[in-house]
Asks: 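Please see the structure below; I have some questions.
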Amino acid sequence: MSRFFVTTAISYPNGRPHIGHAYEVIATDWLARFARADGRETFFLTGTDEHGLKIAQAARKADVPPKQFVDEMVLHFKAMCDRLDISQDRFIRTTDEDHKAVCQALWQKMEAAGDIYLDRYEGWYSVRDEAYYDADELVVADDGTKLAPTGTEVVWTVEESWFFRLSRFQEPLLRLYAEQPEFVQPTNRLNEMRAFVERGLKDLSISRTSFDWGVPVPGSPDHVMYVWMDALTNYLTPSGWPAAGWEAKWPADLHVIGKDVVRFHAIYWPAFLMSAGLPLPRKVFGHGFVLNRGAKMSKSLGNIVEPGALADTFGVDPLRYYLLRAIQFGQDGEWSHETIGRRINADLANDLGNLAQRTLSMIAKACEGRVPPDGPATDADHALLAGVSTMLEEARAAHADVRPDLALDAIWARVSAVNGYLNEMAPWALRKTDPARADIVLYHAAECVRQIALLVQPAMPGSAARLLDQLAVAPKDRSFAAFGKRLVPGTPLPAPQGVFPRWVEPADEPDV
RNA sequence: GGCGGGGUAGCUCAGCUGGUUAGAGCACAGGAUUCAUAACCCUGAGGCCGCGGGUUCAAGUCCCGCCCCCGCCA
């Protein structure tokens with residue numbers, strides 16, 4: 001089967017990770033785990049974007065060298081990945097040496113193509129902020145001096161800068177959008193990008209001389225690369241380009257990013273790659289934001305919640321499940337303690353958890369703790385299994401569309417069907433009248449739980465593993481290839497244990 | 001201001017080219033059941049389908065106007 005190279009955006013570690021970081025990396029982890037389980041050769045890249053003015057400023061504020069600052073901050077991001085059970089194949093840092101080398105190689109390639117030239121950048125500059133501001137952002141003070149929105153004085157400044165001939169790529173980009181409309185998703189984002197490009201593209205300033213925390217521009221020691229130039233290139237770095245063999249890890253199949261950075265990924269990045277003559281990523285997906293009770297988290301609102309704290313409260317897998325299932329991928333979504341708790345109880349404890357528990361405990365009691373014997377199947381049995389077997393294709397389609405929510409919808413439709421099947425067949429009653437038939441019913445229910453657990457793995461790896469353990473499914477039989485197999489009657493099973501406890505809101509804790 | 005998307009049950013949302021009593025999940029109420037995590041299963045209640053016009057035998061679905069929300073751009 002095909003290769004799958006998927007990335008998150010790299011996080012800017014000028015502050016600690018928040019739920020937005022967690023959301024993106026969890027969704028991408030689902031995509032990667034799904035592809036791996038489906039037998040695809042998968043590479044999952046995430047990491048941190050460590051250069052640029054804001055990091056330099058934050059480091060100075062903390063009174064430490066920038067590298068020391070990011071070395072410390074990065075630990076929080078890596079810890080988040082560990083805590084959330086993220087399965088990245090590489091955690092890239094833009095301060096990694098191989099990355100700097102690839103950035104410089106890419107720069108030189110673009111320069112050789114004639115797309116990089118030296119010119120001057122002019123604008124209103126605040127020395128205090130080390131930043132340029134647009135004229136319409138400025139405020140005129142009583143004494144006539146011009147002030148930035150931050151209240152610092154700005155002066156008209158001319159700075160030498162390298163520019164990228166983005167203007168050259170208007171037509172190629174429009175052609176890309178026309179020929180490959182799935183390049184940017186959701187579709188409304190593509191439309192926005194097209195509208196933006198149709199208005200005309202200005203050349204892009206891609207170097208700075210006002211600070212030095214960045215990748216040095218080759219042959220131009222006073223300049224460091226513009227952070228986005230540096231950051232976007234991270235996707236190419238693991239391929240080792242331009243060294244031999246890079247084609248094995250480039251192009252990326254999918255960049256999963258926030259809706260706020262679509263422009264950089266859908267315009268600048270492909271233009272850079274076109275300039276360098278490199279293949280383009282196949283798809284860029286801009287997801288929405290996760291809001292706490294409809295409000296963006298901010299320090300001033302005091303509603304910042306660290307992902308690790310949420311994982312502590314609800315459990316890693318329930319948190320992952322909530323974010324993947326409850327929010328249409330691509331749309332904004334909300335969360336609160338009640339909504340997560342409600343979802344956990346309804347879907348995990350009541351539906352799937354209870355299904356597994358009732359099935360396994362009946363087997364434990366009535367079938368000597370072994371997978372019950374199968375036997376002649378009725379139409380209802382066939383219908384049940386046929387329905388469950390459609391899950392895999394539905395989930396694959398959802399994966400291709402980057403819609404974890406839809407994949408989980410499809411799985412849970414089957415969870416419900418199996419609960420209905422058990423109620424209708426009532427194996428607890430059959431046990432007294434027709435024990436052989438009761439065994440067959442339980443066999444079918446357990447087999448369905450096995451298939452469901454297989455497909456749940458990418459969303460909730462730990463919990464799914466516990467379910468599969470309880471069905472005595474060998475580790476080698478946990479890829480999607482195992483959909484073709486069946487539980488083997490007579491296999492001894494461990495004592496069943498609940499996997500998804502109900503969530504009870506702590507009475508004394510205020511709801512955040 | 002320009003372009004685009006949207007306003008449908010308490011909440012989150014489905015409703016393709018107009019056509020029987022507008023759907024799902026959650027939450028809520030009742031029933032049934034007792035294998036199971038006060039769970040499962042069944043039933044029910046709950047909608048001027050943003051507002052006002054219009055086209056049509058027929059409009060949530062098309063057209064016009066207005067109000068509100070969101071996104072991109074300026």
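All values derive from a computational prediction rather than experimental measurement. Below, chains carry the letters A, B, ... as their sequence lines are ordered, and counting in each starts from 1.
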Asks: How is Ala349(A) classified with respect to the nucleic acid when contacts are heavy atoms under 4.0 Å: base, sugar-phosphate, or nothing?
Replies: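 If one applies the 4.0 Å heavy-atom cut-off, Ala349(A) turns out to touch a base.
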
Asks: Of the nucleotides A14(B), G71(B), C73(B), which has the atom closest to the Arg199(A) side chain?
Replies: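 The closest nucleotide is C73(B).
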
Asks: Does U37(B) have its OP1 or OP2 closer than 4.0 Å to a side-chain nitrogen or oxygen of Arg358(A)?
Replies: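 No, outside the criterion.
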
Asks: Say you pick atom P in C64(B) and the same atom in A27(B); how far apart are they, in whole Å?
Replies: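 Nearest-Å result for C64(B) against A27(B) at atom P: 42 Å.
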
Asks: Does the ring center of Tyr235(A) lie less than 6.0 Å from the ring center of His255(A)?
Replies: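 Yes, they do, as the ring centres are separated by less than 6.0 Å.
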
Asks: Output the single nucleotide from A14(B), A36(B), C72(B) whose closest atom is nearest the side chain of Arg189(A).
Replies: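 From the listed options, C72(B) comes nearest.
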
Asks: If the P atom of G23(B) is compared with that of G47(B), how far apart are they to the nearest Å?
Replies: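 Pairwise P distance, G23(B) against G47(B), rounds to 14 Å.
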
Asks: Ring-plane angle category for Trp30(A) and His399(A), please: parallel below 30°, perpendicular beyond 60°, tilted otherwise.
Replies: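 Tilted.
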
Asks: Within the structure shown, what part of the strands sits under 4.0 Å from Asn419(A) by heavy-atom distance: base, sugar-phosphate, or nothing?
Replies: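 Asn419(A): backbone/sugar contact only, no base atoms under 4.0 Å.
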
Asks: Quick check for you: among C73(B), U37(B), C41(B), whose closest atom lies nearest to any side-chain atom of Ser416(A)?
Replies: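 The answer is C41(B).
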
Asks: Taking only the C1' atom of each, what is the distance from A45(B) to G2(B) in whole angstrom?
Replies: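 After rounding to an integer number of Å, I get 47 Å for this pair.
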
Asks: Quick check for you: among G71(B), C73(B), C35(B), whose closest atom lies nearest to any side-chain atom of Lys365(A)?
Replies: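 For the Lys365(A) side chain, the nearest candidate turns out to be C35(B).
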
Asks: Could you pull out the closest heavy-atom pair between Thr491(A) and Val488(A), with the gap in Å?
Replies: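 That would be OG1-O, 2.6 Å.
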
Asks: Starting at the 5' end of RNA chain B and moving along, which residue's nearest nucleotide shows up first, Gln331(A) or Lys432(A)?
Replies: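 In this pair, the answer is Gln331(A).
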
Asks: In whole Å, what separates the C1' atom of A22(B) from that of G15(B)?
Replies: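 These two C1' atoms come out 8 Å apart once rounded.
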
Asks: Grab the NZ-C1' distance between Lys202(A) and C73(B) for me, whole Å please.
Replies: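 These atoms are roughly 12 Å apart.
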
Asks: Any base atoms under 4.0 Å from Glu424(A), or only sugar-phosphate, or nothing? Heavy atoms, all strands.
Replies: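 Glu424(A): no heavy atom of the nucleic acid under 4.0 Å.
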
Asks: Which residue, Asn423(A) or Asn191(A), contacts RNA chain B at a nucleotide closer to its 5' end, judged by nearest heavy atom?
Replies: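 Looking at RNA chain B, the more 5' nearest nucleotide goes with Asn191(A).
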
Asks: Taking atom CD of Glu122(A) as the centre, report whether more than 12 heavy atoms of other residues, nucleotides or ligands fall under 6.0 Å from it.
Replies: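 Yes, enclosed.
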
Asks: For G4(B) versus C66(B), give the span between their P atoms, rounded off to a whole number of Å.
Replies: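 After rounding to an integer number of Å, I get 15 Å for this pair.
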
Asks: Could you tell me how far apart Gln328(A) (CD) and G5(B) (P) are, to the nearest whole angstrom?
Replies: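 So the CD-P distance, Gln328(A) to G5(B), works out to 17 Å.
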
Asks: Can you list every stem that RNA chain B is part of, counting only runs of 3 or more consecutive Watson-Crick or G-U wobble pairs with both distances under 3.5 Å?
Replies: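 Consecutive-pair runs (3 or more) involving RNA chain B: B:1-7 with B:67-73, B:10-13 with B:23-26, B:28-31 with B:41-44, B:50-54 with B:62-66.
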
Asks: Rounded to the nearest angstrom, tell me the gap between atom CE in Met362(A) and atom P in U37(B).
Replies: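 That distance rounds to 11 Å.
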
Asks: Parallel, tilted or perpendicular: which describes the rings of His21(A) and His18(A), with under 30° parallel and over 60° perpendicular?
Replies: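 Answer is tilted, since the angle falls between 30° and 60°.
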
Asks: Assign Thr359(A) to base, sugar-phosphate, or nothing according to its heavy-atom contacts below 4.0 angstrom with the strands shown.
Replies: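 The answer is nothing, as Thr359(A) stays clear of every strand by at least 4.0 Å.
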
Asks: Between C48(B) and C11(B), how far apart are the P atoms? Round to whole Å, please.
Replies: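 To the nearest whole Å, 12 Å.
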
Asks: If you look at every strand shown and take non-hydrogen atoms under 4.0 Å, does Val197(A) touch a base, only sugar-phosphate, or nothing?
Replies: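 Since no nucleic acid heavy atom lies under 4.0 Å of Val197(A), the category is nothing.
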
Asks: Distance check, C1' atoms only: G52(B) and A59(B), in whole angstrom units.
Replies: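 Here G52(B) and A59(B) have their C1' atoms 15 Å from each other.
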
Asks: Of the nucleotides C40(B), C72(B), C73(B), which one has an atom closest to the side chain of Asn354(A)?
Replies: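 Out of C40(B), C72(B), C73(B), the nucleotide with an atom closest to Asn354(A)'s side chain is C40(B).
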
Asks: How close or far is atom P of A74(B) from atom CD of Glu198(A), stated in whole angstroms?
Replies: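 One finds 14 Å between P of A74(B) and CD of Glu198(A), rounded.
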
Asks: Quick one: does Thr157(A)'s side chain get under 4.5 Å of Trp124(A)'s, heavy atoms only?
Replies: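 No - every pair of side-chain heavy atoms lies 4.5 Å or more apart.
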
Asks: So that I can tick it off, tell me whether Asp401(A) and Arg403(A) are bridged by a salt bridge, with the cut-off set at under 4.0 angstrom between side-chain N and carboxylate O.
Replies: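 Looking at Arg403(A) and Asp401(A), the cut-off is not met.
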
Asks: Between Asp347(A) and Arg342(A), is there a salt bridge with N-O shorter than 4.0 Å?
Replies: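 No, Arg342(A) and Asp347(A) are not salt-bridged.
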
Asks: Over 60° means perpendicular and under 30° means parallel, so classify the ring planes of Phe483(A) and Phe480(A), tilted if in between.
Replies: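 Judged by the thresholds at 30° and 60°, the geometry between Phe480(A) and Phe483(A) is perpendicular.
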
Asks: Considering only the C1' atoms, how many Å lie between C13(B) and G6(B), rounded to the nearest integer?
Replies: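 The same atom, C1', in both gives a distance of 13 Å.
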
Asks: Would you indicate what Arg431(A) reaches in the nucleic acid, counting non-hydrogen atoms under 4.0 angstrom: base, sugar-phosphate, or nothing?
Replies: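 Contact class for Arg431(A): none.
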
Asks: For this output row, return yes or no: ring centroids of Phe314(A) and Trp503(A) closer than 6.0 angstrom.
Replies: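 Aromatic pair counts; centres sit under 6.0 Å.
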
Asks: Please report, rounded to the nearest Å, how far the P atom of A14(B) is from the CG atom of Leu406(A).
Replies: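 These atoms are roughly 10 Å apart.
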
Asks: Atom CZ of Phe264(A) and atom P of C72(B): how far apart are they, to the nearest Å?
Replies: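 After rounding, the reported distance stands at 12 Å.
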
Asks: Taking the inter-plane angle between the rings of His287(A) and Phe329(A) on a 0 to 90° scale, is it parallel (under 30°), tilted (30 to 60°) or perpendicular (over 60°)?
Replies: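 Tilted: the ring planes of His287(A) and Phe329(A) meet at 30° to 60°.
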
Asks: Let me know the distance between CG of Asp260(A) and P of G71(B), rounded to the nearest Å.
Replies: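 Whole-Å distance recorded here is 11 Å.
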
Asks: Each nucleotide in nucleotides 23-34 of chain B should get exactly one letter: B, S or -. Can you fill that in based on protein heavy atoms under 4.0 Å?
Replies: ---SS------S

Asks: Provide the closest heavy-atom pair for Gln470(A) versus Gln497(A) in the form atom of the first, atom of the second, distance.
Replies: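 Heavy atoms of Gln470(A) and Gln497(A) come nearest at NE2-O, 2.8 Å.
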
Asks: Measure the distance from NZ on Lys259(A) to C1' on G5(B) and round it to the nearest whole Å.
Replies: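 The answer, rounded to whole Å, is 12 Å.
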
Asks: So if I take every side-chain heavy atom of Glu192(A) and compare against A14(B), G71(B), C41(B), which nucleotide ends up nearest?
Replies: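 For Glu192(A), the side-chain atoms sit closest to G71(B).
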
